[in-house]
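Working notes, beginning with the structure itself.
This one's a predicted model, so the numbers in the text were calculated from it and none came from an experiment. Counting starts at 1 for both ligands and their atoms, in listed order.
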Amino acid sequence: MIITVDGPAAAGKGTISDYLSKKYKLAYFDTGMVYRAVGLQMVLIGEDLSNKDAALKIAQNMTFPQMMELSIHPDFRSDIGSHAASVISVYPEVRTALLKMQQNFALNPVFADGTPANGVIYDGRDTGTVICPQADLKLFVTASTEVRAERRHKEFLQKGIITTYQKVLDDMIARDERDCNRSAAPLKPADDAVIIDTSNLDIEAVLAYIIPLVEAKI
Ligand code: DC
């Protein structure tokens with residue numbers, strides 16, 4: 001069983017994917033991590049994000065263990081990491097270099113401790129369109145920009161990161177713009193994706209809608 005969950009930032013993809021991965025024993029691949037790892041590595045070595053060749057070199061050499069190591073850095077999920085990931089993910093060569101690593105995950109899905117999983121849940125922007133077009137179920141989760149910025153702002157405050165709603169909203173608009181308008185694998189629903197707008201739904205309502213879709217595929 002392969003499920004893809006695509007959509008813009010803070011639409012609810014992570015919460016949905018995490019729940020489904022536990023309920024159906026699916027290995028969870030948050031594909032944003034590969035772009036965050038490359039982007040953060042660029043920042044850490046002081047490389048300009050506009051240096052496509054440098055980003056490509058890092059992407060070509062990126063390994064799972066290196067990605068996991070970078071993922072515990074404080075800026076991996078901060079606005080610095082988000083911005084860097086969004087900028088380097090525009091480069092088609094970087095995307096191509098990171099493609100196989102993401103696709104191969106579905107060949108032998110295992111949990112972090114090595115135990116076999118019943119399948120994979122991919123979370124990202126292009127997992128239903130590019131990474132795994134053969135997925136059993138494709139979800140496209142979205143919400144209004146204002147609602148997503150409100151959620152992200154609340155998350156930042158809970159983590160003790162001081163920022164304003166306006167800054168989070170402005171960053172989100174800029175990131176959406178880059179993610180949706182890049183030439184390679186722009187953010188858009190696959191033709192056969194189920195589109196879910198979570199703007200006015202709580203997580204229980206979203207899951208009540210999705211679970212029957214998953215059960216129908218089992
Ligand atoms: O899901 P996220 O916020 O961690 O993603 C960070 C950035 O990575 C996002 O702005 C665009 C890029 N990304 C992508 O281009 N394709 C994916 N499948 C996942 C993320």
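- Residue-level proximity to ligand 1 for Ala9 is absent, since no heavy atom of it falls below 4.0 angstrom.
- Listed by number with element, the atoms of ligand 1 under 4.0 angstrom from any heavy atom of Ser89 are 11 (C), 12 (C), 15 (O).
- Under 4.0 Å from ligand 1, heavy atoms of Arg125 appear from its side chain as well as its backbone.
- Residue-ligand proximity, Ser86 to ligand 1, at heavy-atom distances under 4.0 Å covers atoms 10 (O).
- Contacts with ligand 1 closer than 4.0 Å are made by side-chain heavy atoms of Arg95 only, the backbone lying farther away.
- Contact record, Val38 with Ala59: CG2-CA, 3.9 Å, taken as the closest heavy-atom pair.
- Within the 4.0 Å heavy-atom criterion, the part of Asp179 lying near ligand 1 is the side chain and not the backbone.
- Heavy-atom contacts of Asp126 reach the following atoms of ligand 1: 16 (N), 17 (C), 18 (N) (cutoff under 4.0 Å).
- Taking a cutoff of 4.0 Å between a charged side-chain nitrogen and a carboxylate oxygen, Asp53 and Lys57 do not qualify as a salt bridge.
- Looking only at atom types and distance, the side chain of Tyr122 has no donor-acceptor partner in the side chain of Gln103 under 3.5 Å away.
- The side chain of Arg182, and not its backbone, has at least one atom closer than 4.0 Å to an atom of ligand 1 (non-hydrogen atoms only; side chain from C-beta on).
- Summarising the geometry of Leu157 relative to Thr163, their closest heavy-atom pair is CD2-O, 4.2 Å, with the distance given to 0.1 Å.
- Taking 4.5 Å as the limit, every side-chain heavy atom of Lys23 sits out of range of all side-chain heavy atoms of Val214.
- The nearest protein atom to atom 8 (O) of ligand 1, hydrogens excluded, is given as Tyr35 CB, 3.5 Å; this is a heavy-atom distance.
- Considering backbone and side-chain atoms together, Lys13 places no N or O closer than 3.5 Å to any N or O of ligand 1.
- Close contacts of ligand 1 with Thr31, meaning ligand atoms under 4.0 Å from a residue heavy atom, involve 17 (C), 18 (N), 19 (C).
- Distances below 4.0 Å separate heavy atoms of Ala85 from the following atoms of ligand 1: 6 (C), 7 (C), 8 (O).
- Counting heavy atoms under 4.0 Å from ligand 1, residue Arg36 touches it through the side chain alone.
- Atoms of ligand 1 found under 4.0 Å from any heavy atom of Gly124 (numbered from 1 in listed order, with element): 18 (N), 19 (C).
- With a 4.5 Å cut-off on side-chain heavy atoms, Arg36 and Leu40 do not count as touching.
- A side-chain contact (heavy atoms from CB on, under 4.5 Å) with Gln41 holds for exactly one of Met67, His73, Gln66; it is Gln66.
- Summary of contacts: the protein heavy atom closest to atom 6 (C) of ligand 1 is Arg175 NH1, 3.5 Å.
- The only member of Thr198, Val194, Leu201 that meets side-chain contact (heavy atoms from CB on, under 4.5 Å) when paired with Tyr209 is Val194.
- Taking the charged nitrogens against the carboxylate oxygens, Arg152 and Asp176 have no contact shorter than 4.0 Å, which rules out a salt bridge.
- With rounding to the nearest 0.5 angstrom, the CG atom of Asp123 is 8.0 Å from the CG atom of Asp6.
- Salt bridge Asp179/Arg125: present, at least one basic N to carboxylate O contact under 4.0 Å.
- The shortest N or O to N or O distance between Asp123 and ligand 1 is not below 3.5 Å.
- Of the protein's heavy atoms, Gly32 CA, 3.5 Å lies nearest to atom 20 (C) of ligand 1.
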